[in-house]
Amino acid sequence: MTSSSSAKTLVKTILKTPQTLKTKFQAKQLHAQFLKTQPHSPSSTSILISIYTNFNLLQDSLFLFNSLSPPPLPAWKSIIKCYANSGLFLNCLTCFIQMRGFGICPDHKMFPFVLKACVFLKNLRLGESIHGCIIRLGWDFDLFTGNALLNMYAKFQSLEVNGGYKVFTFNMLDGMPKSDELCERLAQEKGKSVIQLDSVTKVFKMMPQRDVVSWNTVIAGNAQNGMYEEALKMVREMGNANVKPDSFTLSTILPIFAEYADIMKGKEIHGYAIRHRFDSDLYIGSSLIDMYANCAQIEDSCHVFNLLPQRDDISWNSIIAGCVQNGMFDEGLKLFRQMLMAKVTPREVSFSSVMPACAYLTTLHLGKQLHGYIIRGRFDDNVFIASSLVDMYAKCGNIKAARWIFDQMEHHDMVSWTAIIMGHALHGHAYDALSLFEQMEKDGVKPNYVSFIAVFTACSHAGLTDEAWKHFKRMSQNHGITPGLEHYAAMADLLGRAGKLEEAYEFISSMHIAPTGSIWSTLLSACRVHKNLELAEKVAKEIFKIDPGNVGAYILMSNMYAAARRWKDAAKMRIFMKKKGIRKEPACSWIEVKNRVHTFISGDKSHPLYDRIFKALKDLMERIEREGYIPDTNEVFHDVEEEQKKYLLFSHSERLALAFGIISSPAGTTIRITKNIRVCVDCHTAIKFMSKIVQREIIVRDNSRFHHFKDGECSCRDYW
DNA sequence: GTAGGGTTAG
């Protein structure tokens, strides 16, 4: 035999057993040999196409496919599969329709790919037409086709439940017939019968045989539609039908227990996963991380994460989101950095999960860095990300940037509206917040529980009691939202700040749920501001009944007694605290300079630049005293000499942070300070003077709102 | 042919 004839035989043998080819390179070698030795028959070309499509080599497959005129069924099959596997669903469908145009009868193995394409392109109409075609050809009894139909209807049901779907308009592909027309033709062929949306059940019931995939598909369909009980019922029925749950089943039902925060059931599933060796499965891993995090068992989430043999972007994101949602902000940011170092590319979800950490910690430089990433990744039109950016900029003191991002957004959902309303509320822009709320309702976006908290916060910072009452009534009457603890707290706070102390007392006493210590505490601090010691004593009694270890209440009472010069009562409170081992949280302020956060505690001398800070502060104090500042020593609640009181005020944490900010940043730049408790009255006055003297905008975020100091004035107009 | 993670408050 000559060498060319032996090559010919070899090629023939390989074409009969294409599965023997293990690499793309071998496939290309075969192609080269084929060109030299074989006649170009459509069937042998089709085999080569199928070899290329098995390696997902779309370009090579297409090259051969286009050489066939007309291509036989096997070639269509391969190319449709290859398009679907490459995620080119529009091409996949157009190809299918074009094949039908040639009068070629489809093969049942094509349907799963084509139906998947209909799901991806959200084209129910075409999917139904194809279902008609499947019935006419008698392939509806095929297990794989049935499963694909189940999946398609389940996904369309989800789209229907979760906010509707759009029918995708086809574009013309080069050289392909106009798909709209073909689509129409198929629909006409099918006749007028319309398959209803509850088709999942119909298809499922009519299937002559069902495997674990059929059950999983229906269970997932229910779970994704929020029909959790139905999904769990199906799992039990699946057991009765002697079909064992697999890793797909588990990762589908774990999110249900996460949603229910049912740790017992979640742990049961975890145990089952371990027994069946599913616990190293990536999908189950991320579901477990999320389930534990939702049940506030973040240590267990970390444990699962650490034991995962490999991690993908979703498992990273589950742990990051879990940490952030459980208040472990530093840990969340650390994990985000670790994810980048592990060369895992962050996705949209990663940014919206980690951003609240920057918002909470007021780390503007990190937030800006993430924003840079987001812009480079072109993720800025994602509504989740945009909302988290609005919130981050607002919380970091830059309400202008927050508003700019909000205004740039193409579509606003309830969360983005709420974020910007809350942003303005925290900055004391009550009227902006209320007009945005009005605009939101005009746009037909329904406010939720949180939106009303934002509205009351806005009213609270401007003393708009009538407006607040109006919205409080509308909330339940027009929106069917039952007031919760947060709403009561915001209203109580609002009435208290406005000096309507008795009204607030009545309001809290008549709540339809039992008031908590913290709700009474808002009134207690109002009593301090409005110097009503008599009511304060009454309120404190209520607090100690519910929450005997309430630190804030002891301190407030002690301070109020001290202000009234009732030193013995003040001391009593402090002794009581000592006996009970209750400790006051130290006042703390922090400031970001050159991408580093510097923390100051009241009276703190530990900063390496303390001497310079002290000198600068002393100099500033002398200058503002010349401008007319008089220290308000009423704010110092110790029985000490006036000079000593002045010194105590002098070393308040926000002043140390401010002096540091002034000496370590260029003249004219805005200074942003965050404080863990409320700014005291005297510091508030001092900072107003300082903003004028140093000609800088000073933004202070305390635990309740923002104060923008400029030219001797504060945005809160001294109402806070 | 089937599965997992996100934004507003607290």
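Chain letters run A, B, ... following the sequence lines, proteins first, then strands; residues in each count from 1.
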Exercise. Counting side-chain heavy atoms from CB outward, which of dT2(B), dT7(B), dT8(B) is closest to Val213(A)?
Worked result: dT2(B)
For this session: Please report, rounded to the nearest Å, how far the P atom of dT8(B) is from the CG atom of Leu389(A).
Result: 11 Å
Exercise. Do Thr252(A) side-chain and dA3(B) base share a donor-acceptor contact under 3.5 Å?
Worked result: no
For this session: Have a look at Ser287(A) and say if it touches a base, only the backbone sugar-phosphate, or nothing, with a 4.0 Å heavy-atom cut-off.
Result: sugar-phosphate
For this session: May I have the distance from Tyr393(A) (atom OH) to dT8(B) (atom C1'), rounded to whole angstrom?
Result: 18 Å
For this session: State which of dA3(B), dG10(B), dG4(B) makes the closest approach to the side chain of Glu486(A).
Result: dG10(B)
Exercise. Would you call Glu331(A) and Lys334(A) a salt bridge, taking side-chain N to carboxylate O under 4.0 Å as the test?
Worked result: yes
For this session: May I ask you to say what Ser247(A) touches in the nucleic acid, namely base, sugar-phosphate or nothing, with a heavy-atom cut-off under 4.0 Å?
Result: base
Exercise. Any side-chain donor-acceptor pair under 3.5 Å between Asn85(A) and Lys81(A)?
Worked result: no
Problem set entry | OP1 or OP2 of dA3(B) under 4.0 Å from side-chain N/O of Lys155(A) | yes
Exercise. Which listed nucleotide (dT2(B), dG4(B), dT8(B)) is nearest to the side chain of Leu282(A)?
Worked result: dG4(B)
For this session: To the nearest Å, give me how far apart CD1 (Ile405(A)) and P (dT7(B)) are.
Result: 17 Å
For this session: Pick base, sugar-phosphate or nothing for Ala220(A), based on heavy-atom distances below 4.0 Å to the nucleic acid.
Result: sugar-phosphate
Problem set entry | Evaluation steps, salt bridge (charged side-chain N to carboxylate O under 4.0 Å, His left out), between Arg378(A) and Glu348(A) | CA-CA 10 Å; Arg378(A) 302 195 175 167; Glu348(A) 276 106 323; over 6 Å; no
Exercise. Where the side chain of Ser352(A) is concerned, which of dA9(B), dG4(B), dT7(B) is the nearest nucleotide?
Worked result: dT7(B)
Exercise. Nearest to the side chain of Asp246(A), which nucleotide is it out of dG6(B), dT2(B), dG10(B)?
Worked result: dT2(B)
For this session: Give a yes/no on whether any side-chain N or O of Gln325(A) is located under 4.0 angstrom from OP1 or OP2 of dT7(B).
Result: yes
Exercise. Any donor-acceptor pair under 3.5 Å joining the side chain of Asn382(A) to the base of dG6(B)?
Worked result: yes
Exercise. How long is the line joining CE of Met291(A) and C1' of dA3(B), in whole Å?
Worked result: 16 Å
For this session: Tell me which nucleotide among dT8(B), dT7(B), dG5(B) gets nearest to the side chain of Val450(A).
Result: dT8(B)
For this session: Tell me whether the OP1 or OP2 atom of dT2(B) has a side-chain N or O from Asn151(A) closer than 4.0 Å.
Result: yes
For this session: Scan Ile319(A) against the nucleic acid and name what it touches under 4.0 Å (heavy atoms): base, sugar-phosphate only, or nothing.
Result: nothing
Exercise. With a non-hydrogen cut-off below 4.0 angstrom, is Phe351(A) in contact with a base, only sugar-phosphate, or nothing?
Worked result: nothing
Exercise. What nucleotide, of dT2(B), dG6(B), dT7(B), holds the atom closest to the side chain of Ser387(A)?
Worked result: dT7(B)
Problem set entry | Test: Arg347(A) and Asp313(A) ion pair at under 4.0 Å | yes
Problem set entry | Spacing of Phe248(A) atom CZ relative to dA3(B) atom C1', expressed in whole Å | 6 Å
Exercise. Charged N to carboxylate O below 4.0 Å: is that the case for Asp107(A) and Lys77(A)?
Worked result: yes
For this session: Determine, for Tyr373(A) and Arg376(A), whether the Lys NZ or Arg CZ falls below 6.0 Å from the six-membered ring centre while staying within 45 degrees of the axis.
Result: yes
Seminar exercise, completed: Val349(A) has its side chain closest, among dT7(B), dA3(B), dG5(B), to dG5(B)
Problem set entry | Spacing between Met207(A) atom CE and dT2(B) atom P, to the nearest angstrom | 13 Å
Exercise. With a 3.5 Å cut-off and just heavy-atom distances, do the side chain of Ser286(A) and the base of dG4(B) make a donor-acceptor pair?
Worked result: yes
For this session: Return the nearest nucleotide to the side chain of Ser388(A); candidates are dG6(B), dT7(B), dA3(B).
Result: dT7(B)
For this session: Check every strand shown and say whether Val218(A) touches a base, only sugar-phosphate, or nothing at a heavy-atom separation below 4.0 Å.
Result: nothing
Problem set entry | Sugar-phosphate, base or nothing in reach of Ser251(A), heavy atoms under 4.0 Å | base
For this session: Could you state the atom-to-atom distance from NZ of Lys244(A) to P of dT2(B) in whole Å?
Result: 24 Å
Exercise. Are Ser78(A) and Ser50(A) linked by a side-chain donor-acceptor pair shorter than 3.5 Å?
Worked result: no
Problem set entry | Candidate nucleotides dT8(B), dA3(B), dG4(B), ranked by approach to the side chain of Ile314(A) - the nearest | dG4(B)
For this session: Give the rounded distance in Å between these two atoms: CG of Asn225(A) and P of dA3(B).
Result: 12 Å
